[in-house]
Amino acid sequence: MTDAALVKLLSERFYENFADEAARAVLGADAVDRLYAVTVDPHPELPKSVRHKVLFRGAYVLERIYFTVPECFMPHAGEFCRRDFPECADASVRRHFGKIMADLLGRYEPEPETLDRIAEAAAEWAVDPAAKVAVRIWAVEVLCRCRGRVGWVDESWDDIVGAMAADPTPGIECRMRKSWRKV
């Protein structure tokens with residue numbers, strides 16, 4: 001599967017079961033490496049709307065692959081932790097990357113300085129008033145996984161939960177009851 005084929009797959013019509021079918025196609029073509037590269041660094045010559053679709057849908061398909069066959073994603077765990085998660089600027093991609101990272105930190109142990117960068121990025125996402133609720137929830141889930149490993153996260157945990165408690169959405173309220181206040 002070429003980059004052009006991946007861009008076409010990710011940018012054309014969105015349909016029910018898109019992520020499942022696209023993940024099967026990528027896995028069948030043994031193109032997870034190419035999908036990862038296209039998703040984290042889409043071609044700059046693509047029109048902005050196409051580039052956004054490639055980013056968002058690529059992250060969605062990567063998430064599906066990660067949770068279906070995590071061993072196919074694991075060769076990218078280091079670069080995902082070091083660079084791609086902390087530097088993610090696309091608001092739509094952050095939800096998928098946050099979900100992956102929250103689980104990945106239970107399977108993979110990044111270097112301490114990398115873990116600190118992950119926590120910094122997650123903290124920024126969690127308190128960003130423009131961030132969607134799902135992004136904020138997954139950012140705090142990432143911070144939960146950083147507790148006990150990143151000192152400043154432990155020290156500021158009550159403040160993080162307090163910030164989430166200020167005018168919480170139903171989704172945030174549920175997470176607070178189920179896990180954040182108990183952690």
Exercise. Can W152 and D116 be said to form a side-chain contact (heavy atoms from CB on, under 4.5 Å), step by step?
Worked result: CA-CA 9 Å; W152 66 264; D116 192 58; 2.6 Å; yes
Exercise. Just wondering, do C88 and W125 contact through their side chains at under 4.5 Å, heavy atoms?
Worked result: yes
Problem set entry | Lys/Arg N to Asp/Glu carboxylate O, K99 vs E141, below 4.0 Å | no
Exercise. Should S92 and H52 count as side-chain neighbours, where that means a heavy-atom distance under 4.5 Å?
Worked result: yes
For this session: Check A119 against V153 and note the closest heavy-atom contact, atom names and distance.
Result: CB-CG2, 3.8 Å
For this session: Would you mind reporting whether C146 and L105 have side-chain heavy atoms less than 4.5 Å apart?
Result: yes
For this session: Please check if F80 and F56 belong to a single hydrophobic cluster, counting links between Ile, Leu, Val, Met, Phe, Trp and Tyr side chain heavy atoms closer than 4.5 Å.
Result: no
Exercise. Between the side chain of T2 and the main-chain N/O of A5, is any donor-acceptor distance below 3.5 Å?
Worked result: yes
Problem set entry | Exercise: identify the closest heavy-atom pair between S11 and V50 | CB-CG1, 3.8 Å
Problem set entry | Interatomic spacing from CG in L115 to OH in Y108 - rounded to 0.5 Å | 11.0 Å
For this session: Enter the distance from H96:NE2 to R64:CZ here, rounded to the nearest 0.5 Å.
Result: 9.5 Å
Problem set entry | Nearest-0.5 Å distance that lies between atom CG in L143 and atom CH2 in W157 | 6.0 Å
Problem set entry | Nearest heavy atoms of G148 and D154, plus distance in Å | N-OD1, 2.8 Å
Exercise. Donor-acceptor pair, R82 side chain versus G78 backbone, under 3.5 Å?
Worked result: yes
Exercise. Are side-chain heavy atoms of T114 and F85 found at a separation under 4.5 Å?
Worked result: no
Exercise. To the nearest 0.5 Å, what is the distance between NZ (K8) and CG (D3)?
Worked result: 15.0 Å
For this session: Assert yes or no for the condition that the ring centre distance of F67 to F73 is strictly below 6.0 Å.
Result: no
For this session: Could you check whether the rings of F18 and Y15 sit parallel, tilted or perpendicular, using 30° and 60° as the cut-offs?
Result: perpendicular
Problem set entry | Atom pair CG/CG of L55 and D90 - distance to nearest 0.5 Å | 5.0 Å
Exercise. Would you say the side-chain atoms of R145 pair up with the backbone N or O of G106, donor to acceptor, closer than 3.5 Å?
Worked result: no
Problem set entry | Closest contact, heavy atoms only, V61 versus A22 | CG2-CB, 3.6 Å
Exercise. Can we say E109 and R149 salt-bridge, meaning some charged N sits less than 4.0 Å from an Asp/Glu carboxylate O?
Worked result: yes
Problem set entry | Test item: D128 and V135 side chains (from C-beta on) under 4.5 Å apart, heavy atoms | no
For this session: Look up atom NE2 in H76 and atom CG in D84, then write down how far apart they are to the nearest 0.5 Å.
Result: 10.0 Å
Exercise. If Ile, Leu, Val, Met, Phe, Trp and Tyr residues are connected whenever their side-chain heavy atoms lie under 4.5 Å apart, and connections chain through other members, are I137 and V127 in the same group?
Worked result: no
Problem set entry | Sole residue of E124, E87, E111 in salt bridge (charged side-chain N to carboxylate O under 4.0 Å, His left out) with R117 | E87
Exercise. Do other residues, nucleotides or ligands put more than 12 heavy atoms under 6.0 Å from D30 CG?
Worked result: no
Seminar exercise, completed: On a heavy-atom basis, the closest approach of A122 and V142 is CB-CG1, 3.8 Å
Problem set entry | Closest heavy-atom pair and its distance - A89, R94 | CA-NH2, 3.8 Å
For this session: For side-chain contact (heavy atoms from CB on, under 4.5 Å), just list the numbers for L6 and V26, CA-CA rounded to whole Å, side-chain angles, deciding distance to a tenth of an Å, and then say yes or no.
Result: CA-CA 8 Å; L6 266 171; V26 168; 3.9 Å; yes
